[in-house]
Amino acid sequence: MDFVLIGVVAFLASALTFFSGFGLGTLLLPAFALFLPAAASVAATAIVHLPNGIFRGALGRVDKSIDAGIAN
């Protein structure tokens, strides 16, 4: 049951930070630390960061309609 809860927390944290662009480690590390040792919590957080970053990159988070001259 603990692994299911960890998976749900990881998925929800990834979904929340997908839109904000930050905070995945801030949300996941304490949740992982409740169930895993400290070293394993840090490693699990890093493992979740990789597919989350790949997914965000694959979706092309940069909006092509933004005028770079105005945005900078």
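Along the sequence shown, the residues carry numbers beginning at 1.
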Between side-chain atoms of residues 4-13 and protein atoms elsewhere (two or more places apart, or another chain), which donor-acceptor pairs fall under 3.5 Å?
none

Worksheet entry | Point-to-point distance, once rounded to the nearest 0.5 Å, from CG of Leu29 to OG1 of Thr45 |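 If I round to the nearest 0.5 Å, the distance is 4.5 Å.
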List the atom pairs, with distances to 0.1 Å, where a side-chain N or O of residues 30-43 and a protein N or O form a donor-acceptor pair under 3.5 Å, not counting sequence neighbours.
unit_1 : atom_1 : unit_2 : atom_2 : d
Ser41  : OG     : Phe32  : O      : 3.3
Ser41  : OG     : Ala33  : N      : 3.3
Ser41  : OG     : Leu36  : O      : 3.4
Ser41  : OG     : Pro37  : O      : 2.9

Worksheet item: Which other residues end up in the same hydrophobic cluster as Leu50, if Ile, Leu, Val, Met, Phe, Trp and Tyr are linked when side-chain heavy atoms come under 4.5 Å apart?
Response: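 Members other than Leu50 - counting any ILVMFWY side chain reachable under 4.5 Å - are Ile54.
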